[in-house]
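Numbers restart at 1 for each chain; the letters A, B, ... are given by sequence-line order, proteins then strands. Since this is a predicted model, take the numbers as computed values, not measurements. These numbers come from the heavy atoms of this one structure, side chains and all, not from hydrogens, waters or symmetry mates.
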Amino acid sequence: MRAWFLAAPLALVLAAFLLVPLAMLVAVSFYDYDSFRLIPDFVTTNYVEVFGSMVTWRTYGKTFFFAGITWAITLLVGFWVAYYLAFVVEGTGKRTVLFLLCTIPFWTSNLIRMIAWVPFLGRNGLANRALQGAGITDQPLEFLLFSEFAVVLAFVHLYTLFMVVPIFNTMMRVDRRLIEAAVDAGAGFWRVLWFVILPLCKPGIAIGSIFVIVLVMGDFVTVRLMSGGQSASVGLMISNQISLLQYPAAAANAVVLLIVVLMMVAAILRIVDIRKEL
Amino acid sequence: MPGRLGRGLLTALFVAFVLFLYGPTLTIVVLSFQGPDGGLTFPMNGVSLHWFRRLFERQAVGDFGASITRSLALAAMVTLATVVISLAAGMAFRRRFVGSAALFYLTITSLILPSILVGLGIGLAFNQAEIDTHWWGSALGAQLTWTLPFGLLIMLAVFNRFDGAWEEAARDLGATSWQSFAHVVLPIVAPSVIGIALFGFTLSFDEFARTMLTAGTDNTLPLEILGMTTTVTTPVLYALGTASTLVSFLAIGLALALLWRARRQRA
C-alpha cells in the first residue's frame, strides 16, 4: 500500500503523458482526414501510403545510414575515451575531473552546440581558411556545412557522451585482478582487451548503442539544420507531415518508426544481457 | 596495459576529443562579442556588447526576455516535480510491489522512445480531448517523460547501495517513518537529490524535441532559438547561444558547489 502511494505520482505522469498519448497515436493512425479536420474512422489508407511510397523506403535507408555510421564512430571514439579515463588516468580525483569535463556538454543546449559549427564549417569558416592557408585546397570546400558530412559530424559531437558514460561505468567495475592474471599468464595488450575487457564491457556498449541509435533514428532537427534541408530522415518526414497538418499520416509513420526502433532495441538486448546493469 | 606509445596516443585522443567537445561552443562565445559590423565568422570586427544589447530589443529577434522567463519558470517546475516524484518512486522501488516491474519498464520506455513520437502523441491527445496545449501544462508533462527516467535511475542506483541498518537504528530509537525519512534517509541521499535537480533543470531548460508540439502558442527559449536559426544571420544568434550556455553553466556550477559542500560537511 505504502509503496503504491509513493509510486503513484510517477505512474500517473507516465499514464497521462506516455500511455494515453501512445494509444492516441495508434488510434489516430487509423483515422481519415481532409484538409480541415480529423475524421474518426478505421481506415488503413495511412499505412498503405506509408508502405506504398518510395519516399518512405528511401528515407528509412538514409536514416539507417546515419544511424549506422554515427553508431560506428561514436562507439570507436567513445570506447577509447572511456578506456583512457578508466585504465590510463591514475588517481580518483583526476579521473573525476576529466570525467566531468566529458559530461558537462550533456547539460548544455544541443541546439547551440549544432549552431556552433557554423563558424567552423561555413564557406569562410575556420576549416576552409585553414585548408586554404595550408595550401591543401585553393577553393573553399562547399560540402563542409549543409551536407551529410555536417549531419554525421553533429551527431558524433552530440552523442559520443552517451557511449562514453555507460562504457566507462562498466570498465570501472572490471576487477583489476582479472587483468593482472591475464598479463601474468602472458597475454599482451590486445589479447587482454579482446578476451577480458571487451566481454566485460558489453553491457555498457549495449546501453550506449541503444541511446545513440534511438536518438539518431528519431532525430528531426539535426538533419534539418546541418544538411540545410538537403537530406532527409524519418523524424523530419514526420515533422513535415505535422506542419502540413496531415496528422493521421504522421501518426502512421510514427507508429512504424516506433515498431522499428523497438525491434532494434530488442535485437541489441538479445545479443547482450544488460539486466545486471539496471 | 598499453605501453608508453599507447598511453601517448590515448592521451592525444582524449585531448582532441575535449577540444572537439568544447571548441565550437567557445568559438561562438568569442564571436558573440563581435563589433556592430562583424559577421558570423572570423575575423573579429572589433569587440563589443552590441549583440547582447540587441537581444533585449523586442522587435529585433523575436522575444528573448519572455521566452527565457518562460523557460526558467518551466525548468523550475520540472526540477521540483522531478525531485519529488523520483524520490518518492525511489523509496517505493526499494521493495518489490505488484506492478513494480511494469512501472520500471514503462519508465525506461519513456526514456528511449523517440521524442517526436511522445510530442506528437501528447499533442494529438490534447487536441482530441479539446484541451489547449500550454508550456506550463502539456509541455510540462512532456518534459517530465524525459527527466523522470533519469531521476528514477539515479534513485535506484543510490538505494542499491543504501544500508538499511541506519533506518532500523532510527526506528529502534522510536522514530516515526516520516522522521526516519527526513532525518536519516534524506541527509544520506542529499547529494543524489542535488544531481537529480541538475538533470531536471538543465534537461528541461534545453529541451525542444518533446516541447515543440506541446508548448502551444508561447515559445520557450530553445523553440525561439530553433525559429531563429533559419531567419537570423547576425551574431545575435551567438549572443543568444552564449546567454543560454551561461545559464546551463551556472546551474552546473551551483550543483557542483552544493555537492562539494555536502561532501565537506560529511567529512
Side-chain angles (χ1 to χ4, degrees), chain A residues 3-4 6-7 9-11 13-14 16-22 24-25 28 77 80-81 83-84 87-88 101-102 104-105 107-113 115-120 122 124-126 157 179 183 189 210 214 217-218 220-221 225 235 238-239 242 247 250-251 254 257-258 261 265, chain B residues 1-3 6-7 10-11 13-14 17-18 20-22 24-25 27-28 31 40-42 85 88-89 91-93 95 97 103 106-107 110 112-118 120-122 124-125 128 141-142 144-145 148 152 198 202 206 208-209 213 222 225-226 229 237 241 244-245 248 251-252:
Chain A
W4 277 358
L6 288 170
L10 176 67
V13 169
L14 292 179
F17 291 97
L18 192 73
L19 282 182
V20 172
L22 278 182
M24 207 60 228
L25 199 65
V28 171
V77 176
W80 287 111
V81 167
Y83 185 94
Y84 174 80
F87 295 117
V88 177
L101 199 61
C102 288
I104 280 173
W107 290 308
T108 67
S109 166
N110 278 3
L111 273 179
I112 303 298
R113 291 172 67 205
I115 294 167
W117 281 105
V118 172
F120 263 88
N124 299 311
L126 292 175
H157 186 225
I179 298 174
V183 171
F189 170 72
I210 290 174
V214 167
M217 287 303 292
F220 62 103
V221 167
L225 283 186
I238 296 172
S239 100
I242 293 168
Y247 290 114
L257 175 63
L258 175 68
V261 166
V265 173
Chain B
M1 289 292 99
R7 281 161 188 269
L10 284 170
T11 310
L13 172 83
F14 185 79
F17 179 67
V18 170
F20 172 69
L21 274 186
Y22 288 89
T25 312
T27 314
I28 64 160
L31 282 171
L40 282 174
T41 52
F42 286 106
I85 297 174
M91 292 292 286
F93 271 98
R95 290 207 198 90
F97 55 92
L103 186 57
L106 186 64
T107 313
S110 185
I112 63 164
L113 276 191
S115 295
I116 190 167
L117 303 186
V118 181
L120 176 60
I122 296 174
L124 286 173
Q128 292 295 296
L144 286 176
T145 64
L148 284 176
L152 183 70
L198 173 64
T202 57
D206 297 324
F208 57 90
L213 298 170
I225 295 172
L226 196 56
T229 52
L237 190 57
S244 157
T245 309
S248 303
I252 298 166

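- Here B/Ser244 pairs with nothing under the side chain to side chain donor-acceptor pair (under 3.5 Å) rule; sequence neighbours left out.
- Partners of B/Val118 according to the side-chain contact (heavy atoms from CB on, under 4.5 Å) rule, which considers only residues two or more places apart in sequence or in another chain, are A/Leu18, B/Leu113, B/Ile122, B/Thr145, B/Arg210.
- Comparing B/Phe97, B/Phe17, B/Phe20 by how many heavy-atom pairs each has under 4.5 Å with chain A, the most go to B/Phe20.
- For chain B, the nearby part of A/Ile242 is the side chain; its heavy atoms alone come within less than 4.5 Å.
- The parts of A/Ala250 that come within reach of chain B are both its backbone and its side chain, each placing non-hydrogen atoms under 4.5 angstrom from that chain.
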Check your understanding: Run the side-chain contact (heavy atoms from CB on, under 4.5 Å) check on A/Leu101 and B/Val18 step by step: do they pass?
Key -> CA-CA 8 Å; A/Leu101 199 61; B/Val18 170; 3.9 Å; yes

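- Interface remark: of the candidates B/Ile225, B/Leu31, B/Leu152, B/Ile225 forms the most heavy-atom pairs closer than 4.5 Å to chain A.
- The contact between A/Ile104 and chain B is made by backbone and side chain atoms together, counting heavy-atom distances below 4.5 Å.
- Expressed to the nearest 0.5 Å, how far OH of A/Tyr247 lies from CG of B/Leu213 amounts to 7.5 Å.
- Within the 4.5 angstrom heavy-atom criterion, only side-chain atoms of A/Ile210, from C-beta onward, approach chain B.
- Among A/Gly218, A/Pro119, A/Pro9, A/Ala16, the residue with the largest count of heavy-atom pairs under 4.5 Å with chain B is A/Pro119.
- B/Ile28 CD1 to A/Ile112 CD1: the interatomic distance, rounded to the nearest 0.5 Å, is 5.5 Å.
- B/Gly121 approaches A/Met24 most closely through the heavy-atom pair O-CB, 4.4 Å.
- A/Met217 contributes atom CE, which lies 13.0 Å from atom CD1 of B/Ile112 (distance to the nearest 0.5 angstrom).
- With chain A as partner, the option from B/Leu148, B/Ile252, B/Ile116, B/Ile85 having the largest number of non-hydrogen pairs under 4.5 angstrom is B/Ile116.
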Practice item. Please test B/Thr245 against A/Arg113 for side-chain contact (heavy atoms from CB on, under 4.5 Å), starting from the C-alpha separation and ending with a verdict. Key: CA-CA 9 Å; B/Thr245 309; A/Arg113 291 172 67 205; over 6 Å; no

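- Using a 4.5 Å cut-off on side-chain heavy atoms (C-beta onward), B/Leu124 and A/Leu25 make contact.
- When A/Val265, A/Val214, A/Leu257, A/Val118 are compared by the number of non-hydrogen pairs under 4.5 Å with chain B, A/Val214 comes out ahead.
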Review point. Does the side-chain contact (heavy atoms from CB on, under 4.5 Å) test come out yes or no for A/Cys102 and B/Phe14, once each step is laid out?
Key: CA-CA 9 Å; A/Cys102 288; B/Phe14 185 79; 3.5 Å; yes

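- Only the side chain of A/Leu225 has a heavy atom closer than 4.5 Å to any heavy atom of chain B.
- With chain A as partner, the option from B/Thr25, B/Thr229, B/Leu237, B/Leu226 having the largest number of non-hydrogen pairs under 4.5 angstrom is B/Leu226.
- Looking at A/Val81, both its backbone and its side chain come within 4.5 Å of chain B, counting heavy atoms on both sides.
- Between atom CG of residue B/Leu120 and atom CG of residue A/Leu22 there is a gap of 10.0 Å, rounded to the nearest 0.5 Å.
- No other option in A/Ala11, A/Pro105, A/Gly235 has as many heavy-atom pairs under 4.5 Å with chain B as A/Pro105.
- Note: A/Trp107 CH2 to B/Asp206 CG = 12.5 Å, rounded to the nearest 0.5 Å.
- For the options A/Val261, A/Ile238, A/Ile115, heavy-atom pairs under 4.5 Å to chain B are most numerous at A/Ile115.
- Residues A/Ala3 and B/Ala92 come closest through the heavy atom pair O-CB, 3.3 Å.
- The OH atom of A/Tyr83 lies 13.0 Å from the CG atom of B/Leu13; values are rounded to the nearest 0.5 Å.
- In plain terms, the two heavy atoms of A/Leu6 and B/Met91 that are nearest each other are CD1-CB, 3.8 Å.
- Of the listed residues B/Pro114, B/Ala125, B/Gly241, B/Gly141, the one with more heavy-atom pairs under 4.5 angstrom with chain A than any other is B/Gly141.
- At a 4.5 Å heavy-atom cutoff, the contact between B/Ala209 and chain A is made by backbone and side-chain atoms alike.
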